Amino acid sequence: MSEQSRSPNDSPTTEEAQRAQFLDALRSHELIGPDVAIRDPEAKAALDPAKNYFGALEALAGMFAASFFCVAGFLLTPDSIAGQLGLGTVWLALAYYIYRAHPSFAPTGHAMSIAGQLLVGYVFTRLLGSLWGIAFAVLAMQVVLLVLMENLFARVLAAFAGVVAWSLLVRFAWWGSDSGTMAAALVGWFVIWVPVLFATQTLISTERRWLFTPWRPVARAATTGMIFALAYGTWASMPTQLFSGSGGDWLALWPLLGASAGLCGTIFAFRLRGDTLVIATAIGVVAHVSHFYYQLGTTLLVKSGLMLLVGASMLAAANLLGETAPTERAVPPSRTVHRRNAWAILAAGLLVALALNVSIYKKEKTIRTGEVIFLELQPVDPRSIMQGDYMSLRFTIMGRLEQLEQERGVYFAPLAVDDRGVATIGGPSETRRIRYVIRGDRPAEAWIGTNAYFFEEGKRDRYSDARYGEFRLDGESGEAVLVGLRDAELQAIE
Amino acid sequence: MNRDVLDELLDELEPHLPPEAHDEVFALARPVRPQREVVLFVTQLLRLSGVASIVAAVIVFVAANWSMLGVLGHFILVQSLLAVGIAIAMWRPPPHAVGGYALLFAFFMTGVAFALYGQTYQTGADPYQLFFSWAFLGLPLALFARWGVVWAAWLVVLNLGLVLWIPPSALGDWKELATILANLALWLLVERANDRFGAHVAPKWLAQLLLAYAIVIGTGVLTVAVIEETVPPQAVAAGVLAALLAGFSLYRRDLAPLVGLACGAIVVSTAAIVRTLEIDANPLTVFLIGVWVLAAAAVATAGLRRLHALWQSQSQEQSQEQSP
């Protein structure tokens, strides 16, 4: 490739290399003279990749210090609206001055700016009666900060907070803090986020128009802040029931809207070559999908079907697009390497299957041949990370076991079993032994086989009468496997 | 081109650029990725999201604990899906992209299979053994995938196991130290793999996340020790580890760990000041603590900038000496 036709992006390895390539390209196209070079030491320092580390350190320190400044401000002016407004405004003015006149003191500017915004925002909550009015005032403040504060971090923060305030403004002006009707909430969501998507897309596609104008820093920060808001700001337009996980049926699907907006943010971030922003927005998408899993309401089976449909649609769409996209990672291995890799993968898969099925066999053996015993229990019911709904269990004998042993380790306790099969801790002469583990030092916590009983979703009421856990006790190992729950009369709960 | 570079260059070059040259400068800078690259990225994103959605569908289905399917039915379904992932990966092994996606799917099916095992045989909710077994048996799959995304998933699983392993009353325990050491060791491994195999197999962001996570936990251990006014051996060990990491980073001329350690040091020292002064509701004292944070950050940044400049000048001298 000749120097004339070489683009600065052909080998974008380091920022230094990009700078050199870009300058070369400008010179070769005779857009700048051969003598033009970067001479300003500050500009040179800004091109150093290490500046990102220093920028992160300064931003974190600024936010950390802001928390102290904010508390100090509230302590100084506990009840005075005028005092809080005055102090907040002074801090914002100082932040403006620092960013403008002493950019190397940016962390102090961050601290003053954030603390000032919190104080002024608090004054809004005291002065204005309506939630939408407060949101509107905060939005106006963020627009002013976006324009005035001559610092990238401060402007990105203002753009992000501005979008969040915008979403709260529409939400509180329209359907309030609860969900209202599904139609209103859904339409409201689109009214909030479609303009943000459109504005982000417009800023990216019109970059040429603002790149060479004084508005460049504002537009740049606004783009980044809006992309970040697409990934994380959508939480602000979420009906409040979802924060407690108690949304109605259709509300459980709401987080998928946030995940979709986050995916759009990821694509925008990629278009802008923002690698860190791509990762940050992708984490936001994962957070929305996790929220979706934990939402009660729509059944897990419906959610599963929906995710399957979404996944299949995405793969189909990828295949359609794939026809026009170049091959990814297309370094074909040799036939020998291909075969070796395939066998190695098969071995890894067989290892998983072997470990799993041997474990299944052992449990099944205990269930088939173990002695039936019952242990008294105390129930509650949350949801596991990957295993669904369950009743949290604590057996009555655990308290006794925790008195017997305090140190961590594996122990065996004698069991006395009455005529009904109900087991309690017995004397040393008992022949049956149950294996248990002491975990946690302060206090000691006993563990007998499990701390939970998993059941099919939607059947929690059925287990409210559970009083005993039904176990199979392996006579040799002392291992107890929970197989079911029983009521006070020891009747099985199916 | 990176926007920071472009903006800084334009600040410098704008006086030399006539308005009629703007279009050409913009075309040369290419600040927005070309359509071809975006289409490729969207394709990859759709594939990854599609696989992730199907994985989520299987996880949610297993979590539903649907009794109609029965124990055998559940196990046959999950193991069949695992087999499908393995079969596709054998058909198009990595570095082919399809093999990578298939192994990512198989890795998650391994976890789902162990979750199902725990659910069926009532082995307890979210036991750390589930995640450790998954990380252990999924390790070969991550190795063969040779893809940063699978490694990221594997590291999340391992760290979930470590987090669940740590009991709530954690200070009197050595498990945080094990977590810190594990993440530091993995950080070094990923860095090494990055040098040797490139960013696709071991991306830099993965190394930095591991490092940040280790430093955050270490900072937490030391902060709790400071607030509780105790000096448990674990806190001393965390301090020694931080010093060793600082020494190692100085030796390697690696700025990232030093910046992380500086952040941790600011948090711990601030906690120490808050504890020592036994802060009451005095606004001046609280304000001065904020000033301390800023001063400490300024000193740390200035010191690290100097160090970085020194390393750069030494590196330039070395390259000049080596050049003929």
Side-chain angles (χ1 to χ4, degrees), chain A residues 8-9 15 18 25 31-32 36 38 43 46 50 53 57 61 64-65 68-69 71-72 75-76 107-108 208 212 270-271 300-301 303-304 307-308 310-311 314-315 317-318 321-322 325 328-329 331 341-342 345 348-349 352 356 363 384-388 390 440 442 450-452 454 456-457 482, chain B residues 1-2 5 8 12 16 21-22 26 28 30 32-33 38-41 43 46-47 49-50 53-54 56-57 59-61 63-65 67 86 89-90 93 95 97 110 113 115 119 121-126 137 140-141 144 167 169 205 255 259 263 281 283 286-287 289-290 293-294 297 301 308:
Chain A
N9 289 298
E15 294 187 358
Q18 286 182 25
L31 294 169
I32 56 171
V36 174
I38 303 295
Y53 296 134
L57 174 56
F64 192 30
F68 291 103
F69 283 13
V71 173
L75 287 172
L76 194 65
T108 310
R208 160 65 189 89
F212 302 97
F270 179 80
R271 285 186 69 193
L300 289 170
L301 282 177
K303 286 182 183 176
S304 174
M307 295 303 287
L308 195 62
V310 169
M314 284 176 157
L315 289 179
L321 274 176
E328 312 140 59
R329 301 195 278 148
V331 186
N341 287 351
I345 289 165
V352 174
L356 182 69
K363 289 287 184 192
S384 137
I385 295 174
M386 290 179 67
Q387 296 161 299
Y390 66 90
R442 297 188 297 268
T450 184
N451 62 350
F454 292 98
E456 189 176 355
E457 66 163 332
L482 181 67
Chain B
M1 165 177 265
N2 182 311
V5 180
E8 294 298 340
E12 282 290 298
H16 306 282
H22 287 176
F26 185 77
L28 282 167
R30 290 169 62 195
V32 176
R33 284 187 200 264
V38 175
V39 170
L40 177 59
F41 177 76
T43 309
L46 281 172
R47 280 191 186 143
S49 305
S53 291
I54 292 172
I59 290 174
V60 171
F61 180 79
N65 205 349
S67 56
I86 295 290
M90 288 177 70
T110 303
Q119 184 195 66
Y121 298 110
Q122 307 289 354
T123 59
D126 304 324
L137 289 165
L141 300 175
F144 296 134
S169 57
W205 57 264
L255 198 62
V259 172
C263 288
V286 177
F287 180 77
I289 293 170
V293 171
L294 293 172
T301 310
H308 180 59

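The figures that follow rest on heavy atoms only: side chains count, while hydrogens, waters and symmetry mates do not. Letters A, B, ... are given to chains in the order of the sequence lines, protein chains preceding strands, and every chain is numbered from 1. Please read all numbers here as calculations on a predicted model, not as lab measurements.
Ring centroids of B/Phe287 and A/Phe68 are separated by 6.0 Å or more, keeping the two rings apart.
Take B/Ser49 and apply the side chain to side chain contact (heavy atoms under 4.5 Å, CB included) test, not counting sequence neighbours, and it matches A/Leu263, A/Met314, B/Leu45. Among residues two or more places apart in sequence or in another chain, the ring pair (Phe, Tyr, Trp, His ring centres under 6.0 Å) test is passed with B/Phe144 by none.
Between chain A and the residues B/Leu137, B/Leu141, B/Ile86, B/Leu294, the most heavy-atom pairs under 4.5 angstrom are made by B/Leu294. In terms of heavy-atom pairs under 4.5 angstrom with chain A, the leader among B/Trp205, B/Tyr121, B/Phe61 is B/Tyr121. In terms of heavy-atom pairs under 4.5 Å with chain B, the best-connected choice from A/Ala72, A/Ala317, A/Ala348 is A/Ala72.
Panel note: side chain A/Arg271, backbone B/Val38; no donor-acceptor pair is recorded below 3.5 Å.
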